[in-house]
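Structure, as structure tokens:
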Amino acid sequence: MDLGEDSGRLGSLPTTTSRTMSSSSSAFFSANQSPFFSPRSSTCQLSESARFDVQCDSTNLSADPSSSSSGIPNPECLANVGFAVSDESLMPAACVSSDFPKFDHSSCTYGHLHDNGFSGIIEKHRRHIRSHDMMFSPVPISLSSYQQSSYDVYIGLHGRKPSLLRFTNWLRAELEVQGMSCFVSDRARFRNSRNHGRIERAMDASSFGVLILTKKSFRNPYTIEELRFFSSKKNLVPIYFDLNMGDCLVRDIVEKRGELWEKHGGELWISYGGLEKEWKEAVNGLVRADAWKLEALEGCWRDCILRAVTYLAMRLGRRSVVDRLTKWREKVDKEEFPFPRNENFIGRKKELSELEFTLFGDISGESERDYFELKARSKRKHLTIGWSKSRSLEERRRECNWENGSRKGKEPVIWKESEKEIEMQSTERQRYQRPRSSGRSSRRKRPAKFIYGKGIACVTGDSGIGKTELLLEFAYRYHQRYKMVLWIGGESRYIRQNYLNLWSFLDVDVRVENGIDKRRMKSFEEQEEAAISRVRKELMRNIPFLVVIDNLESEKDWWDQKFVMDLLPRFGGDTHILISTRLPRVMNLEPLKLSYLSGVEAMSLMQGSVKDYPIAEIDVLRVIEEKVGRLTLGLAIVGAILSELPINPSRLLDTINRLPSRDFSWSGREAHSLRKNTFLLQLFEVCFSIFDHADGPRSLATRMVQVSGWFAPAAIPVSLLALAAHKIPEKHKGTRFWRKLLRSLTCGFSSCYSKRFESEASSMLLRFNLARSSTKEGYIHFNKVIRMYARRRGVTGVSHAMVQAVVSHASLSHHSEHIWAVCFLLFGFGNDPTVVELRVSELLYIVKVVILPLAIRTFMVFSRCSAALELLRLCTDALEAADQAFVTPVEKWLDKSLCWGPIRTNAQLNPCLWQELALTRATVLETRAKLMLRGGQFDIGDDLIRKAIFIRNSISGEDHPDTVSARETLSKLTRLLANVQAQTSP
């Protein structure tokens with residue numbers, strides 16, 4: 001074969017840029033060993049024809065300079081070479097997931113999508129992929145004569161469909177993560193006989209041949225050859241992609257039977273000049289491999305890949321891999337989703353289709369039937385969804401001419417990833433965004449392009465409009481396209497901890513590093529960033545995850561004001577990010593503004609199980625819909641009331657109007673929606689009245705709602721919630737005394753009754769949609785609007801009841817977010833006031849049982865150094881304030897009248913408690929000093945440990961074991977501090 005005509009020469013796939021490249025694993029076959037890369041080649045030759053202009057923005061190939069030893073070309077020689085989507089070919093090489101070229105089918109930027117119907121949008125996207133204008137001259141890369149002797153799995157495929165490439169990428173990465181070396185090839189892309197010879201040797205050296213079959217595979221001679229080869233070796237593993245195993249019958253294909261083969265069937269061996277006998281022999285070989293039964297249909301990608309990995313591991317004798325996957329699947333089945341799926345989900349088809357198109361850059365399945373238009377819009381305007389007619393051909397031609405004209409020459413395409421920009425823009429485009437002159441030049445300004453298929457989408461809307469429901473439905477509908485859905489609460493105080501909690505699913509170690517014995521100690525900030533980068537690195541592999549950030553409160557983290565974007569993986573990878581927020585914009589994303597439900601959908605939601613209301617009652621429902629602000633939360637509560645109670649809409653409206661509205665002092669952006677929607681608050685009061693009417697004036701369900709506002713924004717255990725509700729003080733002391741007496745007399749029988757009451761109360765909250773169930777058994781979750789209102793409505797002592805319940809019964813490993821909520825109430829973090837005041841004995845108990853374990857776990861297990869140290873600092877301040885109150889002289893009438901002595905202090909009146917307070921303070925100081933030692937802040941640690949030693953010397957003496965331990969810590973700090981001073985001195 002003439003090498004000069006080889007247009008399918010091997011070239012690297014367009015790898016997406018990343019913050020940090022994943023480290024290679026020695027257990028996998030790396031690019032060093034690839035027969036298609038030269039491990040010794042650190043430079044590459046680029047022809048001028050490799051630089052090209054494309055109609056849509058393309059991804060620059062870049063790599064970590066350190067990876068040049070792995071056969072990846074240096075970024076200096078590839079900085080100006082862009083690989084378009086049509087050039088994405090599978091690299092027939094086995095490598096680890098970090099080095100394997102990624103099939104990035106989402107590199108195009110779509111800014112002007114014409115109204116040519118839904119099919120027009122999809123067709124234009126696919127024309128971009130197949131356009132001959134996007135072809136390029138291949139980059140000459142030197143080939144190594146070295147080839148690995150054997151592989152565990154050979155993966156063969158044919159086609160450039162983005163979904164096929166994404167599936168193959170995922171399968172290969174999953175196999176390599178589990179320790180199985182892979183060789184991936186689309187042989188139809190290569191015309192060099194030498195390359196084909198190496199691929200054939202790799203096929204022969206593979207233990208199993210995994211062939212991903214599509215409807216177009218049967219007209220590909222290389223796929224037919226691979227089928228015959230692996231069938232003869234009896235190691236064929238077919239995966240039917242968008243096919244059923246029963247569809248692949250010789251007779252049906254040849255005779256064009258069925259809707260599938262009517263277009264793609266026939267005597268397919270004629271298309272490539274093959275032999276009928278060999279073709280039929282290859283297809284019939286699939287029958288002998290029917291034991292695998294791996295079908296990658298639209299809704300079962302994850303199951304298919306995990307089954308394939310499990311079966312291959314079993315056949316290869318990797319029993320540990322099978323056990324690990326089994327345990328992982330059991331964990332995912334229980335903890336993947338925070339809420340069960342809403343079986344009564346209504347509407348939002350258009351929004352779901354747009355989210356799919358935004359994340360994947362393509363739409364398939366049922367969503368392809370939903371017709372919608374994405375209009376071009378300016379950078380600061382909201383997304384417009386319309387149903388207008390398509391624009392003229394001349395207008396489209398003018399727009400394309402402008403696009404081509406603005407991208408002429410060799411202007412570089414830059415990837416901007418910061419809090420200000422996440423869009424791929426050319427330098428010429430940036431000049432158009434802010435014209436400095438008016439008149440004719442300013443009219444050339446074009447709206448900025450928007451990213452589709454870059455893997456990030458944002459949904460914004462008012463509280464209670466249904467953002468979480470939309471994200472939950474999307475996650476359930478498309479979860480099979482991801483290895484796992486990772487759900488993160490976006491509240492600013494908890495988002496970093498929620499992000500680090502992903503370590504258990506990603507099998508990542510985020511513990512703080514022991515750098516005391518190292519040459520250079522990392523600072524606290526560096527240790528926190530290292531833990532975050534480990535999680536982010538796992539999300540940047542070629543394995544797709546869906547990261548859902550629900551209710552993002554701010555673009556910046558509450559603790560250190562760093563941008564939330566720093567937590568996320570690079571956009572455009574296999575991992576997708578879905579955000580819901582009340583903010584108008586996030587990270588310069590153009591959000592999907594969630595609108596109200598249509599009239600028909602809202603009416604269906606309010607009617608509930610009753611569908612035969614007369615016309616007059618239907619009109620009343622429309623009035624209620626307008627009064628409740630058309631919020632989905634309010635509509636669902638109305639529907640629940642009408643379904644649970646024998647009441648018609650007219651009577652419900654009259655009841656709501658007769659209830660007096662409570663006067664609260666609303667403040668802040670979050671309370672704006674409540675301040676303007678008093679009807680919704682009156683609807684809440686109707687629910688509380690129903691609960692009190694059913695269970696008495698002190699209904700447990702009502703009290704559970706009241707106390708829920710002080711818990712963390714996470715799922716709450718029903719038992720803990722009920723315990724806090726029981727601790728709410730009663731208005732009448734006498735009644736409280738008799739109830740306590742009765743409870744003490746019937747303590748042996750109270751547990752079963754209390755559990756029954758808890759179950760009934762939680763069931764009532766769920767039925768009336770004031771709470772929603774959690775996938776964790778025995779947990780419920782409250783909407784942000786309800787929690788905010790309950791916090792404003794709550795009576796005196798509710799927050800104290802919550803603190804008592806959490807301190808006495810919460811588990812640090814299971815309820816850490818609620819323990820943090822207790823800390824926020826006890827100590828004035830930031831500018832927040834102290835909400836709950838404790839007695840000294842209570843404070844000492846909480847410090848020993850709650851604060852110290854929480855701070856140490858936060859620091860050591862999650863590397864959240866700043867949060868742990870700030871908690872201990874505020875704890876020290878609280879203990880010092882209590883100590884100051886103890887040593888302040890007090891005057892008691894009883895002490896003065898009977899003893900006739902001088903005025904004494906609380907420390908003299910209660911010396912045991914004062915000594916315990918002082919020793920607890922010394923323990924906190926010593927803990928802070930030891931943590932400072934791990935961050936290299938030896939001077940601060942030296943000052944803290946000296947204070948602790950002084951206290952212990954004064955109370956326990958010099959020979960006490962705690963005093964001796966503190967002195968040892970001081971010696972270590974002194975030695976390290978002296979070493980630092982010696983190194984820094986001139």
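Classification of Glu473 and Arg348 as a salt-bridged pair fails, no side-chain N sitting under 4.0 Å from a carboxylate O.
In this view, Ser580 and Lys467, Leu471, Asp550 satisfy the side chain to side chain contact (heavy atoms under 4.5 Å, CB included) rule, not counting sequence neighbours. Partners of Thr775 by side chain to side chain donor-acceptor pair (under 3.5 Å), not counting sequence neighbours: none found. In terms of the salt bridge (Lys or Arg N to Asp or Glu O under 4.0 Å) criterion, Arg787 has no residue partners (sequence neighbours excluded). Applying the side chain to side chain contact (heavy atoms under 4.5 Å, CB included) rule to Arg329 yields the partners Asp303, Leu306; only residues at least two apart in sequence or on another chain are considered. In this view, Ser604 and Ile346, Lys611 satisfy the side chain to side chain contact (heavy atoms under 4.5 Å, CB included) rule, not counting sequence neighbours. With sequence neighbours excluded, the residues forming a ring pair (Phe, Tyr, Trp, His ring centres under 6.0 Å) with Phe167 are Phe241, Trp301, listed by chain and number. Asn501 is linked by a side chain to side chain contact (heavy atoms under 4.5 Å, CB included) to Gln497, Asn498, Phe862, counting only residues two or more places apart in sequence or in another chain. Residues passing the salt bridge (Lys or Arg N to Asp or Glu O under 4.0 Å) test with Glu295, sequence neighbours excluded: none. With sequence neighbours left out, Phe505 forms a ring pair (Phe, Tyr, Trp, His ring centres under 6.0 Å) with no residue at all. Checked against ring pair (Phe, Tyr, Trp, His ring centres under 6.0 Å), Tyr476 has the following partners two or more places apart in sequence or in another chain: Phe337. In terms of the ring pair (Phe, Tyr, Trp, His ring centres under 6.0 Å) criterion, residue partners of Phe474 (sequence neighbours excluded) are, by chain and number, Tyr478.
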Would you give me the side-chain donor-acceptor pairs under 3.5 Å for residues 627-635, sequence neighbours excluded?
residue : atom : partner : partner atom : Å
Arg630  : NH2  : Leu597  : O            : 3.1
Thr632  : OG1  : Ile465  : O            : 2.6

